[in-house]
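Input: a single structure, listed below in structure tokens.
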Amino acid sequence: MVDKEKIEQAIRLYLEGIGEDVNREGLIDTPNRIARMCEEIYGGMDMDPAEPLAKQFTVDNNEMVLEKDITFYSMCEHHLMPFYGKAHIAYIPDGKVVGLSKLARTVDIYARRAQIQEKLSAQIADALETHLNPKGVMVMIEGEHMCMTMRGIKKPGSKTVTVVKRGVFAENEQLQNLFLSMVR
């Protein structure tokens, strides 16, 4: 749960720290706006990934299910700067599937936390593995990190790609290649 009062105090101190006048017209409501923004950006901390994955449907077909190009926005826990991009998720059902929107909801739950991309990829894979019990899961995330593009090394357009494989995806190079060809 976001403590709006603490955030507003912190933002006032931050603004003073960088030399701003917190009573300046353009900044008077900024602490409140930032506190409300934090409720949205970090809202995944109060969400349970089991919830969207709980409603499952029985299937006879146990072929790969792939949801690709799931847009996400997150905040780097090292610099509190945004990173964003696309997540691609595949799983091989073992008799059960979830609605496709539930995969995107799972991405959002974990992305809406202070996070690193490597952990985000693993959390998504682990949630699917835990709650769906599939034969295998593969998650690939392509992200652009503002801490690399706006500050520091300043390399706009550079992408970080992380991949996590579980179950039959970890064991079967043919399945991995099928996933990668479908994502491209």
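Position 1 is the first residue of the sequence, and the numbers go up from there. Atoms considered below: every heavy atom in the structure, side chains included; atoms not considered: hydrogens, waters and symmetry mates.
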Here the salt bridge (Lys or Arg N to Asp or Glu O under 4.0 Å) pairs for residues 30-50, sequence neighbours left out, are none
Give the intermediate values and the outcome of side chain to side chain contact (heavy atoms under 4.5 Å, CB included) for residues Ile92 and Glu63.
-> CA-CA 6 Å; Ile92 308 290; Glu63 298 295 322; over 6 Å; no
Enclosure of Gln9 CD (heavy-atom neighbours >12, cutoff 6.0 Å) | yes
Of all pairs that satisfy salt bridge (Lys or Arg N to Asp or Glu O under 4.0 Å), the ones with a partner from residues 152-164, not counting sequence neighbours = Glu144-Lys159
Can you find a heavy atom in the side chain of Asn133 that is under 4.5 Å from one in the side chain of Lys96?
-> no
Quick check: does any side chain N or O of Arg166 sit under 3.5 Å from a backbone N or O of Val137, one acting as donor and the other as acceptor?
-> no
Sorted by chain and residue number, the side-chain contact (heavy atoms from CB on, under 4.5 Å) partners of Met81 (sequence neighbours excluded) come out as His79, Met146, Cys147, Met150, Arg151
Is there a donor in the side chain of Gln117 and an acceptor in the side chain of Thr160, or the other way round, less than 3.5 Å apart?
-> no
Do Ile70 and Lys86 have side-chain heavy atoms sitting under 4.5 Å apart?
-> no
Under 3.5 Å, side-chain donor or acceptor atoms of residues 176-184 against the rest of the protein: list the pairs with distances, not counting sequence neighbours.
from	atom 1	to	atom 2	distance (Å)
Gln176	NE2	Phe169	O	2.7
Asn177	ND2	Glu173	O	3.3
Ser181	OG	Asn177	O	3.4
Ser181	OG	Leu178	O	2.9
Arg184	NH1	Glu142	OE2	3.1

Please check if the side chain of Glu67 supplies one atom and the backbone of Ala87 the other of a donor-acceptor pair under 3.5 Å.
-> no
Sub-4.5 Å side-chain heavy-atom contact between Asp94 and Pro134 | no
Show every donor-acceptor pair shorter than 3.5 Å between a side-chain atom in residues 19-28 and any protein atom, with sequence neighbours excluded, or say none if there are none.
from	atom 1	to	atom 2	distance (Å)
Glu20	OE1	Arg24	NE	3.2
Glu20	OE1	Arg24	NH2	3.1
Glu20	OE2	Arg24	NH2	3.3
Asp21	OD1	Asn23	N	2.9

Test side chain to side chain contact (heavy atoms under 4.5 Å, CB included) applied to Leu132 and Val97, step by step = CA-CA 7 Å; Leu132 282 182; Val97 295; over 6 Å; no
Is the shortest heavy-atom distance from the side chain of Arg112 to the side chain of Tyr42 under 4.5 Å?
-> no
Between Phe83 and Gln115, is any pair of side-chain heavy atoms under 4.5 Å apart?
-> yes
Side chain to side chain donor-acceptor pair (under 3.5 Å) against Thr149, all qualifying residues, sequence neighbours excluded | none
Is there a side-chain contact between Ile141 and Phe72, using heavy atoms and a 4.5 Å cut-off?
-> yes
